[in-house]
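Note sheet for the following structure.
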Protein chains: 2
Amino acid sequence: MRQPRIEDVARAAGVSTTTVSHTLTGKRPVSATAQARVRTAIDELGYSGNALARGLRTQRTLTIALVVPDITNPFYPVVARGVQDAVTEAGYQVVVCSTDGDPGREAAFVRDMVARSVDGIILGLLHMPSAVLGSLVDRDLRIVLLGHHAGHQLGDSVTSDNRVSVAEATRHLIAAGRTRIAFVGGEHEAGPGDERQAGYEDALLGAGIPLDPALVSTTGYMRVSGSSAISQLLADGVVFDAVVAVNDLAAIGVLDALRAAGRTVPGDVAVVGFDDIDAASLVHPSLTTIDNRAYEKGTLCGRLLIQRISGEITGDFRRIVVPGTLVLRESA
Amino acid sequence: MRQPRIEDVARAAGVSTTTVSHTLTGKRPVSATAQARVRTAIDELGYSGNALARGLRTQRTLTIALVVPDITNPFYPVVARGVQDAVTEAGYQVVVCSTDGDPGREAAFVRDMVARSVDGIILGLLHMPSAVLGSLVDRDLRIVLLGHHAGHQLGDSVTSDNRVSVAEATRHLIAAGRTRIAFVGGEHEAGPGDERQAGYEDALLGAGIPLDPALVSTTGYMRVSGSSAISQLLADGVVFDAVVAVNDLAAIGVLDALRAAGRTVPGDVAVVGFDDIDAASLVHPSLTTIDNRAYEKGTLCGRLLIQRISGEITGDFRRIVVPGTLVLRESA
DNA sequence: ATGAAAGCGCTAACAC
DNA sequence: GTGTTAGCGCTTTCAT
């Protein structure tokens, strides 16, 4: 059994396809009687319309794409959920792609999304030449950047206030009497590591605590990055009473290494992370961290994107900075 | 600047649109010279095709839908990733929807996916009358059921071997000398709780250990379910030296309650979970659990679905049972 | 090996 | 308030 077409509905209702179309879209007045006959015909036939044909005609697909490094990274499912919740009411669906930060897969996905005439893209990561992105905008494709500005004016952006948030977390440690505070960071010029390190330094300098390069490592964003950084510090005999980790995963690695070395948390060493992934409240001791507001960011991206698509907002691209909040738990 | 159409390519290459189409699909021999001219024209114009028009014509969209209760539940992003990895090579994209188990949203999403002519759906949860699902199959939409059989023959299915796996985990506790083993389960008739409880009972009976109803609680699948169950057991003065939890989240709640009561794990009480979510290795002590093979299930669902769509497999629906494996960590 | 033309199902001028 | 018709961009008979 094939799907009924609009023509089937029109015939059953004794009207033209135009009238059926307009009772559906409401873009033109239709008499009450005609409407009623169309509606019953639709119900009887189980007509649901053909989105392909509609999209081909209207140049709108009610579809957006979401590009993330890895949906398996606990931050992104929450973002994805926020995006979905923000756009479903407007009838949009979202196509998700994990690219592993691979520029080739990123480009292939975006190309495919253009071929599929999606109305917009949320880019959670960017390894794409801005020229390529620029051509997308030319092709009537709206873009929202998540977590970065891409250094150019291509679309609205939603980012964290990395520097300010980490400074606040660091001040929390200082206020608790910690003075030898280590920073366990990500690789330079990759991700938010540098901004977060700057926040750490802001807080120390603001409190008159001199920066000590021996206390800073930049090993990465993974659990193992955190543990290896701390192991090295301990092996080097560096004295420290607190750790600011670049994210929660690294902070959990820090906890691993401290436990292995017999140091108590927060007794001997206080630890703070960043993101507030679910695991932050699951580890023991639970992690004091900065809520990165993944869900809120997702909804913001989704809303921004459909407002752009619909023309509800126009003109200069917005740069929305979502302030993180310090979540106090056991580790600091 | 508008997207180039196939006609633009044909004109630039000095051939017909038919020839362009066939050099792209390979469904008909095209002379080497014509091919070459078409390819260069495509490159010069940056032609990428219009998936809407193609889908309208071919009745295939290279799109599948994935319905899950909640992408935020740590099990599902891994499944989603598996699905994606299994289908991208074949050119498929996946549209994900979290329904929160709400039948209304589930139905609305499926209806929309039918309107969008997706080639198939992976259903991670089912609150849908089988009649509705049956009509989907009639409409040339292939279905794969994830985690359940839906009690009817509508599509292939990929499930866990809940009973066998939990029995194995329970026997592991028995082999370690535990005899007073509690079961912290989910609500009856909701999710995999009953099957897992049956596995727990199989193992005890197989070892000649009598079942003790006082050791069994069915509070739910959340972290708080686990902790409240254990708190109750302790308050009731029930003696136990091990706990089988219905899933990892509940098991983590069990750890919470035991720690609060000053019981050591695994010294006083051994604990096993189910799923092997990331958090299982993050908690302290790390959780012995059953790997629910989320990624593998995702790839299986994806592969099965596109094999059905392509007609590579036909006939009776397959029921694939993915055996879980016991992952030994610190808690048991 | 290649082209002309029909048609997938819909919406939107345009005409009444 | 309603209908006729062209056309969105593609694939695929059918004819050569």
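Naming: A, B, ... by sequence-line order, numbering from 1 per chain.
Within 4.0 Å (heavy atoms only), Thr58(A) reaches sugar-phosphate atoms of the nucleic acid but no base atom. In this structure, Thr19(B) reaches the sugar-phosphate backbone alone: every heavy-atom distance under 4.0 Å involves primed, P, OP1 or OP2 atoms, never a base. Counting any heavy atom pair closer than 4.0 Å across all strands shown, Gly55(A) reaches no nucleic acid atom. Using a 4.0 Å heavy-atom distance criterion, Ala51(B) is classed as making no nucleic acid contact.
Checking dT11(D), dC10(C), dT2(C) against the side-chain heavy atoms of Ile6(B) singles out dT11(D) as nearest. Distances were taken from every side-chain heavy atom of Arg57(A) (C-beta onward) to each of dC14(C), dT11(D), dC8(D); the shortest belongs to dC8(D). In the set dC10(D), dG1(D), dC10(C), the nucleotide with an atom closest to the side chain of Ser31(A) is dG1(D).
Close to dA12(C), at under 4.0 Å from its OP1 or OP2, lies a side-chain N or O of Lys27(A). The shortest distance between the side-chain N/O atoms of Thr18(B) and the OP1/OP2 oxygens of dG3(C) is not below 4.0 Å. Ser21(A) has no side-chain polar atom (N or O) that falls below the 4.0 Å cut-off from OP1 or OP2 of dC10(C). An OP1 or OP2 oxygen of dG9(D) is reached within less than 4.0 angstrom by a side-chain nitrogen or oxygen of Arg5(B).
Whole-Å rounding puts the Arg116(A) CZ to dG9(D) C1' distance at 16 Å. Rounded to an integer number of Å, the gap from CG of Leu24(A) to C1' of dA12(C) is 15 Å. Arg54(A) has its CZ atom 17 Å from the P atom of dC8(C), to the nearest Å. The interatomic distance linking Gln3(A) (CD) with dG9(C) (P) rounds to 10 Å, in whole Å. Straight-line distance from the CG atom of Leu56(A) to the C1' atom of dC10(C): 8 Å, rounded to whole Å.
Residue Leu146(B) holds its CG atom at 13.5 Å from CD1 of Ile121(B), rounded to the nearest 0.5 Å. Residue Thr25(B) holds its OG1 atom at 9.0 Å from CZ of Arg54(B), rounded to the nearest 0.5 Å.
For dG3(C), the base has a donor-acceptor partner in the side chain of Arg28(B) [N/O atoms by modelled type, under 3.5 angstrom].
Residue-environment remark: CG (Asp278(A)) stays at or below the threshold of 12 foreign heavy atoms within 6.0 Å.
A donor-acceptor pair shorter than 3.5 Å can be found between the side chains of Lys297(B) and Ser160(B).
Along DNA chain C, the nucleotide nearest to His22(B) and the one nearest to Gln59(B) differ in position, and the one closer to the 5' end is contacted by His22(B).
The backbone N or O of Ser31(B) sits nowhere less than 3.5 Å from a side-chain atom of Thr33(B) that would complete a donor-acceptor pair.
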